Structure formats: C-alpha cells, structure tokens
Amino acid sequence: MNNESVYQAIGGEATFREVVHRFYQSVRTDDIIGPMYPQQDWEGAEDRLRMFLAQYWGGPSDYSEQRGHPRLRMRHAHFRIDSQAAQRWLELMDEAIDNTDIAPPQREALREHMQKVAYMLINTAG
Ligand code: HEM
C-alpha cells in the first residue's frame, strides 16, 4: 500500500479534517498534553497537523508551502515529551481514527506511521 493510495482510499482531505478535528477536541481538555498546545490557536494547530498528514499520505503539498521542511524533532524540542505524553497522544489519535469511517488496512497504516513518529519525538526520560 503506497501513500497515495491511502489518501484516496480514506476519502482525501475531508477525512483528514475529520480525524484531526476529533483529535484536537480531546487534546484541548487532556491533562497531560492539552497544556502544551497554543491555547489561543487551536485552529492553527489543527490546520498544521492536517496539512502535514494530508501531504505525507499523498495529498497536496500545502504543508511544505506554508511551513517548509517539517523538521518534526526540532519543532517538538521545546515540549517536554516523555513516553507517557507520547502514549497519551497516540491514545487520543487512536480514538479519533476509530470514530471516523476508515477501513481497517488504512487505519493500520495511519496508526503505524503515527506510532513511529511519536516514539521518535520522545525527548525526555520518564
Ligand atoms: C509524541 C507526542 C506528541 C506531542 C506531545 C506533540 C505536541 C505538539 C505540540 C504541543 C505542537 C504545537 C502545536 C502547533 O502550534 O501546531 C505540535 C505540533 C505539531 N505536531 Fe506534534 N506532538 C506529538 C506527536 C506528533 C506526531 C506523532 C506527529 C505526526 C505524525 C506530530 C506532528 C506535528 C505537526 C506536523 C505539528 C506542527 C508543526 C509546525 O509546522 O509547526 N506530532 N505537536
């Protein structure tokens, strides 16, 4: 399964919008990761993650055009991300994916990618 086929198969932009919106609804009130996010710019945060994911999975390259190279490790360096925070991020994302109509193979592909990235972003022991 290549990235482009995932983007098409799950329904493109609209589906990424839905997943990311659900995800941030839960992040807002989350005790561990909620406080890390810009409380005045939830919409901006939603846009950034949606554009990144859509681009990664073969959609338009809006993310690169607006934000440049992702450099995710650098962009997360000033947040204190331990394994508990990564685990929570993944849990909330799993819920968002489960509550969206995405077929199992694509769901699995999304999860695998998120998991790999989340573990790579851990920058604090604990
Ligand atoms: C491991 C747990 C994670 C934590 C605690 C975390 C936290 C954050 C926070 C606080 C921001 C700033 C919000 C904003 O202003 O945009 C952010 C941005 C972002 N995160 Fe994460 N994140 C995590 C994992 C991930 C994963 C797994 C991905 C990708 C699959 C990801 C992709 C992004 C992207 C694309 C941005 C916007 C970067 C930019 O252009 O500025 N994050 N994250």
Side-chain angles (χ1 to χ4, degrees):
M1 184 166 22
N2 63 30
N3 289 9
E4 284 73 9
S5 69
V6 171
Y7 184 80
Q8 295 302 336
I10 73 169
E13 164 88 19
T15 305
F16 283 103
R17 196 173 283 277
E18 195 178 331
V19 168
V20 171
H21 184 68
R22 284 184 200 281
F23 172 69
Y24 274 117
Q25 286 299 107
S26 316
V27 170
R28 280 174 200 233
T29 55
D30 187 77
D31 56 336
I32 297 178
I33 65 171
M36 296 183 195
Y37 285 82
Q39 309 295 307
Q40 308 303 326
D41 190 22
W42 289 104
E43 275 181 34
E46 223 171 286
D47 287 344
R48 288 184 281 277
L49 183 57
R50 187 197 65 253
M51 288 189 298
F52 172 81
L53 293 174
Q55 177 176 316
Y56 178 82
W57 291 106
S61 48
D62 297 346
Y63 181 86
S64 290
E65 277 157 30
Q66 293 185 33
R67 308 290 294 164
H69 190 285
R71 298 179 195 281
L72 288 186
R73 253 188 87 81
M74 186 199 79
R75 290 194 207 261
H76 287 77
H78 49 285
F79 306 122
R80 191 179 174 282
I81 305 181
D82 57 15
S83 59
Q84 199 192 17
Q87 213 49 57
R88 181 61 62 83
W89 193 103
L90 289 169
E91 266 169 43
L92 299 184
M93 183 54 86
D94 272 356
E95 272 172 35
I97 291 173
D98 280 346
N99 288 321
T100 306
D101 188 18
I102 301 174
Q106 282 77 26
R107 212 185 281 182
E108 217 24 66
L110 293 179
R111 285 217 168 109
E112 215 173 280
H113 170 244
M114 308 276 192
Q115 229 171 56
K116 238 180 359 202
V117 176
Y119 292 141
M120 174 197 79
L121 293 178
I122 292 174
N123 55 24
T124 307

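Atom set for the values below is all heavy atoms of this structure, side chains included, hydrogens, waters and symmetry mates excluded. One-based numbering, in listed order, for ligands and for the atoms of each. Here the structure is a predicted model, which means the values were calculated and not measured.
Ordered by chain and number, H76 NE2 make up the set of protein N, O or S atoms under 2.8 Å of atom 21 (Fe) of ligand 1.
Of the possible donor and acceptor atoms, none in the side chain of D94 sits under 3.5 Å from a partner among the backbone N and O of R111. When atom types are taken as modelled, the side chain of R17 and the backbone of R50 share no donor-acceptor pair closer than 3.5 angstrom. The closest donor-acceptor contact from the side chain of H76 to the backbone of L72 lies under 3.5 Å. Under the 3.5 Å distance criterion, the side-chain polar atoms of R75 are matched with a main-chain donor or acceptor of P70.
Annotation: atom 37 (C) of ligand 1 to nearest protein heavy atom, R48 CB, 3.8 Å. Of the protein's non-hydrogen atoms, Y63 OH, 2.5 Å is the one closest to atom 40 (O) of ligand 1. In this structure, the protein non-hydrogen atom closest to atom 8 (C) of ligand 1 is Y37 OH, 3.3 Å.
Polar contact check, R67 against ligand 1: a nitrogen or oxygen pair lies under 3.5 Å apart.
Close contacts between ligand 1 and A45 involve ligand atoms 14 (C), 16 (O) [criterion: under 4.0 Å to a heavy atom].
Between Y7 and Y56, a ring centre-to-centre spacing not shorter than 6.0 Å is recorded.
Side chain to side chain, S64 and Q55 meet the donor-acceptor criterion of an N or O pair below 3.5 Å.
A pairwise comparison of heavy atoms in L92 and S26 identifies CD2-CB, 4.0 Å as the closest pair.
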